[in-house]
Protein chains: 4
Amino acid sequence: MNKGALAKEEIVSVAADVIRSKGYQSTSINDILVSSGIGKGKFFHHFKTKHDLGIAVVDRYIDTWKTRMIEEILQGDFPAKTRILHMLEETLGSFQNSNVKKGCPFGNLAIEMSEHDASFRERIASFFHEWAMALSETLKDANLIPEDRAYDYAEHIISSIEGAILIAKVKQTSKPIENTVSILKNTLLHQRSISHE
Amino acid sequence: MNKGALAKEEIVSVAADVIRSKGYQSTSINDILVSSGIGKGKFFHHFKTKHDLGIAVVDRYIDTWKTRMIEEILQGDFPAKTRILHMLEETLGSFQNSNVKKGCPFGNLAIEMSEHDASFRERIASFFHEWAMALSETLKDANLIPEDRAYDYAEHIISSIEGAILIAKVKQTSKPIENTVSILKNTLLHQRSISHE
Amino acid sequence: MNKGALAKEEIVSVAADVIRSKGYQSTSINDILVSSGIGKGKFFHHFKTKHDLGIAVVDRYIDTWKTRMIEEILQGDFPAKTRILHMLEETLGSFQNSNVKKGCPFGNLAIEMSEHDASFRERIASFFHEWAMALSETLKDANLIPEDRAYDYAEHIISSIEGAILIAKVKQTSKPIENTVSILKNTLLHQRSISHE
Amino acid sequence: MNKGALAKEEIVSVAADVIRSKGYQSTSINDILVSSGIGKGKFFHHFKTKHDLGIAVVDRYIDTWKTRMIEEILQGDFPAKTRILHMLEETLGSFQNSNVKKGCPFGNLAIEMSEHDASFRERIASFFHEWAMALSETLKDANLIPEDRAYDYAEHIISSIEGAILIAKVKQTSKPIENTVSILKNTLLHQRSISHE
DNA sequence: GATGAATGAGGATTCATTCAT
DNA sequence: CATGAATGAATCCTCATTCAT
């Protein structure tokens, strides 16, 4: 059936992989043509520019992670504490093996593209915001953090994770991620609450 | 007198700025020629390749930060707790205003180059290791962390900072850095020690 | 119709001329663009590298000469002695006028490229071998040379011709070629056989 | 003592080697600086241009071979036939081992430079002429060739040798040279005289 | 005389994009 | 819709030569 549409999704899927590994700017359209076995004509039929493809790839990353991290895990049916643990474990599981070297699709593009292109930056910023909002709600549900500090604390957890993935990438070992996840779990769950200052 | 050496240092200095803003791969040699007002011949007289320049820039970043963060602050003469506070405040101060958008020179290159080039990756990994070692010693001096957890905790602090700088870059506000610094201070200093698990 | 293929052949044809005159390394891609009136994009669409073009040019030389010298002349329908005479006359005819200065396409590249690039060298060596094989058969057919000396003698005839073309090139006169052809004819045909030693 | 002059000779000597292997145009001045351990200033003090060096190298080749081949061997004190044999054996000896791949300094430059530069071409043409003249005299002394054919025959011998060195270079074996030398010896010495046509 | 820094034209190649079919 | 040929600006780099010291 909808062969054109399928083909387009396929290109985005292949491109998402390549761009995660090589970065957006270092990925040439030719790289994608070779990886997906299509011709130039077809490519430019589906995407007016390379930039269009880039945005499609980012949107795809966001769709995937929003569904997995936010909708399925953070807004799922388990008790709030459990949901937070799930999120941390899901993170840990996503960055093992070859994925350690590839790093986080959002973190990678955040750093590579923020200064170059507003449409990348805004999408990624907005994704991080949505994530922090969802985590913030869960933290409140779990009664772990006072309401007025929940968003800040959620953002800190997320940025800690991004930082750990960054260090893991440059060290080529998932140890820093395990380390951060373990410290976050510890801090969050073995204390009555985090309230000072 | 030492005109040649000066000239080379100047190029590295200009390039360090440009590369921090645009990234290594997106910075063309021409960008550097224009920014520094020199000719191609002069450039390639001092640097055999663009890669050579990149390495010189990384080495310069490392020199600067090692001196400031490690030697002057973490290994300085103040009490251990004070030194840690200084490090956090120095971090905060370094990423205000236009520097928020530029991000961390190490984090930027870690993400951009780790998969492309081992000589960048290794230098940066080794810098993060040295930083974590120095911070680890200070944490032990301050009696804040049990000895066997000190390195892991130090690495977590550093990766939290890197993650905060990343989020700040994509959000174009230093708020996430202030946030993380404040949480780190809080966790570190207002509790007897961090020992559970 | 087959416009693409034609275009590629045209480039090879123009390049064959330019390279024969200027040598492979001294011929810039720009030289070829100017001579053939095409743009850089078109060139690199057809040839991945300059080296690719070089190989295409060598293969074209080989095709042409194999057809003319080996298939049409040495393996033709005339008596063996006549075929050898034809070969010598064809050689003579090919290096008159402006062609004296250009020299032999194979000899030129043999000397220029043998030390630089195995793929050029091997192709040319194999062409000379095939030529010597075909001439060797013809010498045997003509009963001019004892079987066990035929290949060596064929190779000597061919190398004499190459040497004569070389001297003709540096002297800018076809006299050395005429001279060598006449001596070869004489030695081959006016003696019962060449058998001594 | 004459340190400047010595240095210059050294540069020419090093350059002669490099140019014989890589060709004149493919040899960069930097190649020569590296091989001889001198600086740019010194080089351009001795040679106004790269071309100047090239000419010095050719003149050096010519000096060496004229002394060896013409003065010592062809115009030496042995009987004429012996002198010719010596010349052939000297040739054979000069192109063994690594020298097979390097080819003949004159043949190499003849082919590479004849179309590009008259001053190279003329020097080499004149060297080949002097060699042919000397060989011609020796052939006459030996009563092997009628007077009016002696120069032509000498030139044919020389061009045969050059051609054999060329084929040897592309085949990377000295066999073609041995082969040609043996055939030349045979033709020259085992027949009363070469007179027909 | 000697040094090596500086020059800038020219080299091969890549790239996103357009266009004729 | 789809193809792949064509475009030409831009990229990294090399080179012979000049120049200030």
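Residue numbers start from 1 in every chain, and the chains themselves are labelled A, B, ... in the order their sequence lines are given, proteins ahead of strands. Any value given below was found using the heavy atoms of this structure, including those in side chains, with hydrogens, waters and symmetry copies removed.
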Tell me the interatomic distance from [X], atom [atom1], to [N], atom [atom2], rounded to whole angstroms.
X     : N      : atom1 : atom2 : result
C:F47 : F:dA6  : CZ    : P     : 11 Å
B:K48 : F:dC15 : NZ    : P     : 13 Å
A:K8  : F:dA2  : NZ    : P     : 12 Å
B:F44 : F:dT11 : CZ    : P     : 12 Å
C:K42 : E:dA20 : NZ    : C1'   : 13 Å
A:Y24 : E:dC15 : OH    : P     : 13 Å
B:F43 : F:dC15 : CZ    : P     : 17 Å

Any donor and acceptor pair, going by atom type alone, linking the side chain of [X] with main-chain N or O of [Y] inside 3.5 Å?
X      : Y      : value
C:K101 : C:K171 : no
C:S13  : C:E9   : no
D:R20  : D:C104 : no
C:D59  : C:A56  : no
D:K50  : D:Y24  : yes
B:Y61  : B:A16  : yes
C:K102 : C:I19  : no
D:K169 : C:A110 : no

Those residues of residues 49-57 of chain A lying under 4.0 Å from DNA chain E by at least one heavy atom: A:T49, A:K50

Distance (rounded to the nearest 0.5 Å) between A:N108 CG and A:M113 CE: 12.0 Å

Intra- and inter-strand pairs of DNA chain E in dot-bracket (Watson-Crick or G-U wobble, both distances under 3.5 Å; | for another strand): .||||||||||||||||||||

Of residues 25-33 of chain D, the positions that come close to DNA chain F - non-hydrogen atoms, cut-off under 4.0 Å: D:T27, D:S28, D:I29

Close approaches to DNA chain F from residues 34-41 of chain A, in residue order (heavy atom, under 4.0 Å): A:K40, A:G41

Touch class at under 4.0 angstrom, heavy-atom based, for A:H45 against every strand present: sugar-phosphate

Exercise: identify the closest heavy-atom pair between D:S35 and D:V18: OG-CG2, 3.8 Å

Over all atoms of both residues, closest heavy-atom pair of D:I38 and D:I11: CD1-CD1, 3.3 Å

Set of ring-ring contact (aromatic ring centres under 6.0 Å, His included) partners for D:F127, sequence neighbours left out: D:F106, D:W131

Within residues 109-118 of chain B or reaching into it, pairs that qualify as side chain to side chain donor-acceptor pair (under 3.5 Å) - sequence neighbours excluded: B:Q25-B:H116, B:H51-B:D117, B:D117-B:S119

Per B:A7 side chain, nearest of listed nucleotides F:dT18, E:dT17, E:dA6: E:dA6

